[in-house]
Each structure stands twice: as C-alpha cells, then as structure tokens.
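Here's the structure, in structure tokens; my notes come after.
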Number of protein chains: 2
Amino acid sequence: MARPRQIDRAGILEASLAIADERGLDAVTMQAVADRLGVTPMALYRHVKNKADLLDGLVETLLAEFALGTDDLPWDEQLAAFGRGVRASARRHPGAFALVLQLPASTPEARKTRERVYLALRQFGVAEADIPRAERLISTLVLGFAASEAAGRFRGHSRAVIDADYAALEELVGTYLAGLIA
Amino acid sequence: MARPRQIDRAGILEASLAIADERGLDAVTMQAVADRLGVTPMALYRHVKNKADLLDGLVETLLAEFALGTDDLPWDEQLAAFGRGVRASARRHPGAFALVLQLPASTPEARKTRERVYLALRQFGVAEADIPRAERLISTLVLGFAASEAAGRFRGHSRAVIDADYAALEELVGTYLAGLIA
DNA sequence: ACCTGAACACCGTTCAAGT
DNA sequence: ACCTGAACACCGTTCAAGT
C-alpha cells in the first residue's frame, strides 16, 4: 500500500493523537508524527507552526469530543451527558488529556465548549448573572476529575469505586445547581 | 563569592523549583539546574536518578508546602486552611504546579498529605467508611481548581472574581460535608 | 566520594534546494 | 505548492577518567 504523500493539519493531529494514545505524550515527537505519515519531520512545518501549535491542535481535537452525541438529548440531560463526555474523552486519550487543563486561554473550540455549557445552564433555569461562574466551577471540577483519572491518580481503585466517586461529584454539582435556582 | 561545589538532592530541587518559578517548567533542563549550582549536568546524576526523578522530587516539595502553618489551627479550620495552602502553593509555583496532578500514585509525601486530610475529616465527624471517598473528591476539586488557576485558565478574570469562584467551591465542599455528617 | 570530558542518540527548527 | 537534505543548537544520559 503506497503511502499518501499529501498531508494536512487534520491528518497530522490524528497521527499525533494516535501516538499519544499508544505510547504517551512524550512519544509525540515531530519525527514520530512524520514517520507515521510517511514523510520527513520538516514537512510538518508547512501545516503546523511548530510543536506548541501541534499540541494546541491536539487540545482542540479533545475539546471537540466532549459534547459528541449530546446534541439530541433532552435539555435536562445535556449537562450530565457533557460531563460523561469529558470523562470518556479522558479515558480514550489518557496521554494527551493533561494538555486540556493547560488550555491556551480562549481558542475557538474552547469558546464553543463554554457556550454549550452556558446554554445548558440557561435551560436549567440558572440566572444569567450566575452562569459564567457556574460554568467555570463545573468545568473546573469535571476537568479536574477527568484529568486525575487520566493521569492515574486513582490507580489502585477499581473502576466501580471511581465511578461511584464521579457519581458523588455529579450529585454535588446537582446540589449546587439546585441552590442556584432556588 | 566562591560557589559551593558540594551539591545535594535538596539543593538540586531548590534550584529546579527556582528555575520553574522564574522561567517555566520547560526551562528546567539538567543543564540549567547544573548551571545554577555551578556544576556540570553530569554531576546531578549522583543525587537524582534521572530527570523524571528530579520532577518527582519537585512534586514532593510542592506537596510538603500544602499544609504549611496549618498545624496549630483549630480542627474546624484545618481543612479550609489546607485548601488555601494548596492554592497559595499553586500561585507561588505556577510553572511546576501542573506536575502535581500527574502524581506518581503514592509517594511518601502524598501519603502524608492524604493522612492529614483524613484526620481533618475524622475530626469533622465524617464516618470512617466515607473518609477515603471524601478525601479523593475534595483533593481532586481543590487541586483541579489550583491547577487551573496556575495554568492561567482563569486569565482574563480579576483576582477578586477568582477568589469568589474559590469561595463558591469552599461553600460547595461545606455543603457536601454537612450532608455526610447529617 | 564526587565531579568532569568526551561521546551518543535524539530533540525542534531553519533554510536553501529540489520536484 | 509541497517535500527533502543538510545543518544548528540543544536535549538527557553513559562511562571512563580525573581529583
């Protein structure tokens, strides 16, 4: 099978994510990514600015996964589904997930993700003035949990125990939201 | 002033942390650490196993900071003081703090930190059976918040806004604990 | 015992050159 | 337009050699 020589940014990110999944974030070198695409490392620089830009792209890819398949859910399940989506993404990409907490402020995808949570909170009945803080808090808690799980901080505990931990976090957030609405 | 040539692990960690504080985690190279100690990079290998070991040591140093000066506080303030200690450490060491969430499972200092939170929860009246989960949850939330703050995820918001976010998190944890005790 | 010099394999990145 | 070869400065790490 002849390798396609024409590469693009999406293909570079896909290859990078695959390497991170298989061999960890440290294995994501320009050389390794190029190898997987059948190209020399220098060829990558036409499509990504540099390695930092490549890693930024990786974060964007992960963020886009968070809301996967939550669109056609009833509004009162959207927020919970989003949280589960974050966790699922972390479990699929444990190597790359650490990057998500180091977000470069406000990329387009980060903005989109935030707006989605805003919408869910609005539908929940949270007052407009409380929405930004609720979003920051909820996102931080869920991302912190998922990042911990991905990094193996809960290693040594069974999946059942970790799932119960997450259920407790979900309940906590539920209580918080109930308090905001009351 | 003649440089001291005799180096040790503690001095290496101190120099590494100083570099991380001043120029970020990426600036912590064996060369940079050695330079700061007036020594060649190869000299470090007698005192740290390798770079990963050096970074592990950095995490241990940070963990030890969390409970700084909370020892002689009344028991009902210990937990809150611990949370503030985590945040203070994150603000002192924004470059290195990201490493804390990637903890290598269960180092001595991590165990000590966990036991301290256990004790506070016990004094609070949390049932023995609920303590491990409560510790995991509370530590994860506080570390996630502090890591986000250190990484600049809240950049663009004033210190007052971030402090109010943290106050909301404290209240949330308070509600959670009240629920466990009731 | 502790540090150094020399060396190695591997990084990210640039630039001129090829097609 | 897109990829490559050659080159550069910089990594972490090893090992034999110095004191």
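Every chain is numbered from 1 and lettered A, B, ... according to where its sequence line falls, protein lines coming before strand lines.
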Nearest to the side chain of [X], heavy atoms from C-beta on, is which of [options]?
| X | options | value |
| --- | --- | --- |
| T40(B) | dT4(D), dG5(C), dG12(D) | dG5(C) |
| N50(B) | dT13(D), dG12(D), dT4(D) | dT13(D) |
| Q6(B) | dC2(C), dC3(D), dG5(C) | dC2(C) |
| Y45(A) | dG12(D), dT4(C), dT14(C) | dT14(C) |
| V39(A) | dC3(D), dG12(C), dA6(C) | dC3(D) |

Inset, instruction - With a 3.5 angstrom cut-off on both distances, give the Watson-Crick or G-U wobble partner of dA1(C), or none if there isn't one. - result: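 For dA1(C), the partner nucleotide comes out as dT19(D), under the 3.5 Å rule.
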
Legend entry - Base-pairing assignment for dA7(D) (Watson-Crick or G-U wobble, both under 3.5 Å):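 Looking at the geometry, dA7(D) pairs with dT13(C).
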
Legend entry - More than 12 heavy atoms from other groups under 6.0 Å of CD on E77(A):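 It does: E77(A) CD has more than 12 such atoms within range.
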
Legend entry - More than 12 heavy atoms from other groups under 6.0 Å of CD on E109(A):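 Yes, CD of E109(A) has more than 12 neighbouring heavy atoms, counting only those of other groups under 6.0 Å.
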
Inset, instruction - Starting from the 5' end of DNA chain C, give me the residue, R46(B) or A32(A), whose nearest nucleotide shows up first. - result: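 Final value for this comparison: R46(B).
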
Legend entry - Residue closer to the 5' end of DNA chain C, K49(A) versus D26(A) (nearest nucleotide):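 Looking at DNA chain C, the more 5' nearest nucleotide goes with D26(A).
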
Legend entry - N/O (side chain, H47(A)) to phosphate O (OP1/OP2, dC3(D)) under 4.0 Å: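 For dC3(D), OP1/OP2 do have a side-chain N/O of H47(A) under 4.0 Å.
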
Rounded off to whole Å, could you give me the [atom1]-to-[atom2] distance for the [X] and [N] pair?
| X | N | atom1 | atom2 | answer |
| --- | --- | --- | --- | --- |
| L44(B) | dT4(C) | CG | C1' | 12 Å |
| Q31(B) | dT13(D) | CD | P | 14 Å |
| K51(B) | dC10(D) | NZ | P | 15 Å |
| D35(A) | dC3(D) | CG | P | 15 Å |

Inset, instruction - Would you check if R84(B) and E170(B) make a side-chain contact, meaning some heavy-atom pair closer than 4.5 Å? - result: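 Touching, per the 4.5 Å side-chain cut-off.
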
Inset, instruction - Check every strand shown and say whether M42(A) touches a base, only sugar-phosphate, or nothing at a heavy-atom separation below 4.0 Å. - result: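 Here M42(A) touches the bases of the nucleic acid.
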
Legend entry - Electrostatic pair E22(B):R36(B) at N-O distance under 4.0 angstrom: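 Looking at E22(B) and R36(B), the cut-off is met.
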
Legend entry - Charged N-O contact under 4.0 Å between D53(A) and R9(A):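 Yes.
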
